[in-house]
Amino acid sequence: MQDVARYPVTREYFGVKTKLVYMSKKPVIDIIGTGRMALALLTSLAHSGYHVSTVAGRNSSKLSKFKIQFNIEAVKLDSNFSTEADVVFLAVSDDAISDVAAILDSSDGNILAHTSGAQDVDVLQDAEEKGWKIASFHPLQTIPEDAEPEIFRDVYISLCGDTEACLVLSKIAKSIGAHPYDVSSAEKQKLHVAAVLTSNYMAALVKAAETLLDNPTIKTEQLLGPLMEKSLREILDKGPDKALTGPISRGDIKTIDKHLQIIKKTNQQGLYELYKTLGRYALQAAIDDKRLSQEKEKELEQFLK
Ligand SMILES: NC(=O)c1ccc[n+]([C@@H]2O[C@H](COP(=O)([O-])OP(=O)(O)OC[C@H]3O[C@@H](n4cnc5c(N)ncnc54)[C@H](OP(=O)(O)O)[C@@H]3O)[C@@H](O)[C@H]2O)c1
């Protein structure tokens, strides 16, 4: 039997009065959704000894897979769906969160958390009016279809919303090896833009770079992979200012000019602007690292305008 608690006992944790005893006992969890995040949560929560009672979704074949793989209740998500779990994770597409939350019955203070980085907690406001304690639980990690149980280890998980809900979610986050931290709503919105820039746009940059590659027999991952891996390692080890190499860090204006002429010949105005825009950020890194003379800085600033 799992170490679970469902008692309506009032306690005080870190100055917050709560009827929950989850700070010492593990809450019962339900997950709504059958996609990447739902599977990753289920896998890592089960691995960390949590009792995930039910998974609910609209896709029957995915539900069957969950049922077989984890030996849990896997039910259809419709107007008959009801949950008594202490914590419900709403791991559905961003645009579906409010509609799916609207299906839920009223609650006696149980916790409802969505996992979106882009959506505010307010998207669950209707559920809050029905008695749920609402929050967002956003792991700063890209989740593939076949996430391993340790997928959240060392990952920062931003928490925003009801204080009591965040306390309980913080404990869950720590149990799966993550680093929970509280964010304001405004901070969360900006954080998501930063996450998209450093993750999704890395893929977009590779896509842009591919438009300049001529040899179709060598895969991009093979050709540019070692360079990308080493660059990323250097950025993570030393920070962007120290890790920067290349023509801007050296102040090689003739090389930068040559690159711009090459891009111009491909008739990609967007890539031309992108090269210059990112060049200005590279210049800022070189300036912050005091690599260039003041004269060179001014010259490059003008050139990359
Ligand atoms: N994957 C990541 O890297 C990542 C990282 C951080 C946060 N998140 C967040 O996690 C949440 C889930 O993302 P995901 O990556 O798991 O997406 P996903 O793999 O595409 O899965 C989305 C899930 O939402 C369900 N869904 C969509 N519309 C629905 C509706 N109207 N009613 C009921 N269910 C609906 C889908 O059901 P069907 O299978 O039936 O279509 C599927 O189960 C999102 O809020 C996302 O922003 C994802």
Side-chain angles (χ1 to χ4, degrees), residues 29-46 52 54-70 72-83 87-105 112-127 134-161 169 172-173 176-181 183 185 187-204:
I29 295 173
D30 276 358
I31 296 173
I32 300 179
T34 52
R36 293 170 184 81
M37 181 60 84
L39 180 60
L41 280 173
L42 179 55
T43 309
S44 59
L45 287 167
V52 179
T54 303
V55 168
R58 60 178 185 178
N59 183 317
S60 306
S61 68
K62 283 189 190 169
L63 284 171
S64 302
K65 276 191 197 158
F66 274 78
K67 199 180 174 84
I68 294 163
Q69 193 178 343
F70 295 94
I72 55 167
E73 278 288 302
V75 302
K76 198 91 183 148
L77 183 67
D78 55 25
S79 53
N80 294 322
F81 173 72
S82 76
T83 170
V87 177
V88 176
F89 283 107
L90 202 43
V92 297
S93 312
D94 292 358
D95 291 349
I97 292 171
S98 59
D99 288 350
V100 174
I103 296 174
L104 298 175
D105 293 335
L112 179 67
H114 73 66
T115 57
S116 168
Q119 294 285 337
D120 218 334
V121 193
D122 291 0
V123 74
L124 299 176
Q125 205 170 351
D126 288 351
I134 59 168
S136 73
F137 177 97
H138 176 232
L140 281 153
Q141 177 60 291
T142 180
I143 316 282
E145 274 172 2
D146 53 354
E148 69 284 3
E150 296 281 304
I151 180 85
F152 298 112
R153 180 148 308 280
D154 291 332
V155 168
Y156 276 76
I157 296 183
S158 79
L159 301 175
C160 187
L169 292 168
I172 294 174
I176 56 176
H179 304 293
Y181 78 113
V183 289
S185 180
E187 205 179 342
K188 177 182 150 79
Q189 302 300 316
K190 284 199 291 178
L191 184 62
H192 190 243
V193 180
V196 167
L197 281 173
T198 48
S199 171
N200 309 159
Y201 279 20
M202 211 147 65

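The figures here come from the full heavy-atom set of this structure, side chains too, leaving out hydrogens, waters and symmetry mates. We count ligands from 1, going down the list as the structure has it; atoms in each ligand are counted the same way. For this chain, numbers begin at 1 and follow the sequence in order. From a predicted model like this one, the values you see are computed outputs, not experimental measurements.
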Got a sec: does the NZ of Lys76 have more than 12 other heavy atoms crowding it under 6.0 Å?
-> yes
Tell me which protein heavy atom sits closest to [atom], plus the residue, atom name and distance to 0.1 Å.
atom: atom 40 (O) of ligand 1; answer: Arg58 NE, 2.9 Å
atom: atom 43 (O) of ligand 1; answer: Thr34 N, 2.9 Å
atom: atom 9 (C) of ligand 1; answer: Thr115 O, 3.4 Å
atom: atom 6 (C) of ligand 1; answer: Met37 CE, 3.5 Å
atom: atom 3 (O) of ligand 1; answer: Ile143 N, 2.8 Å
atom: atom 27 (C) of ligand 1; answer: Ser93 OG, 3.1 Å
atom: atom 15 (O) of ligand 1; answer: Arg36 CB, 3.7 Å

Test of understanding: given a 4.0 Å heavy-atom threshold, classify the contact between [X] and ligand 1 as side chain, backbone, both, or neither.
X: Ala118; answer: neither
X: Ile32; answer: neither
X: Lys62; answer: side chain
X: Glu145; answer: neither

Drop me the distance from [X]'s [atom1] to [Y]'s [atom2], to the nearest 0.5 angstrom.
X: His114; Y: Ser98; atom1: NE2; atom2: OG; value: 10.0 Å
X: Thr43; Y: Glu148; atom1: OG1; atom2: CD; value: 9.5 Å
X: Leu77; Y: Arg58; atom1: CG; atom2: CZ; value: 9.0 Å

Looking at ligand 1, does any of its N/O atoms fall within less than 3.5 Å of an N/O of Gly35?
-> yes
Ala91-ligand 1 polar pair, N/O distance under 3.5 Å = no
Paired with Ile32, the side chain to side chain contact (heavy atoms under 4.5 Å, CB included) test is passed by just one of Val92, Ile103, Thr83, namely Val92
Quick check on contacts: which atoms of ligand 1 are under 4.0 angstrom from a heavy atom of [X]?
X: Val100; answer: 32 (N), 33 (C)
X: Ala96; answer: 28 (N), 29 (C), 30 (C), 31 (N)
X: Pro139; answer: 6 (C)
X: Asp94; answer: 44 (C), 45 (O), 46 (C), 47 (O)
X: Gln141; answer: 3 (O), 5 (C), 6 (C)
X: Thr142; answer: 3 (O)

Hey, can you tell me if Tyr181 and Tyr156 have their rings parallel, tilted or perpendicular (30° and 60° cut-offs)?
-> perpendicular
Please answer whether the main-chain N or O of Gln119 pairs with a side-chain N or O of Ser116 as donor and acceptor at a distance below 3.5 Å.
-> yes
Distance-only, no hydrogens or angles: does the Asp126 side chain make a donor-acceptor pair with backbone N or O of Ala102 under 3.5 Å?
-> no
Go through the steps to decide whether Asn59 and Ser61 satisfy the test side-chain hydrogen bond (donor to acceptor under 3.5 Å, both in side chains), and finish with yes or no.
-> CA-CA 6 Å; Asn59 183 317; Ser61 68; 3.1 Å; yes
Aromatic ring centroids of His192 and His138 under 6.0 Å?
-> yes
With a 4.5 Å heavy-atom cut-off, do Leu124 and Ile97 have their side chains touching?
-> yes
Atom 12 (C) of ligand 1: of Asp99, Val123, Val92, the nearest heavy atom sits on Val92
Show your working on side chain to side chain contact (heavy atoms under 4.5 Å, CB included) between Leu112 and Leu90 and close with a plain yes or no.
-> CA-CA 7 Å; Leu112 179 67; Leu90 202 43; 4.2 Å; yes
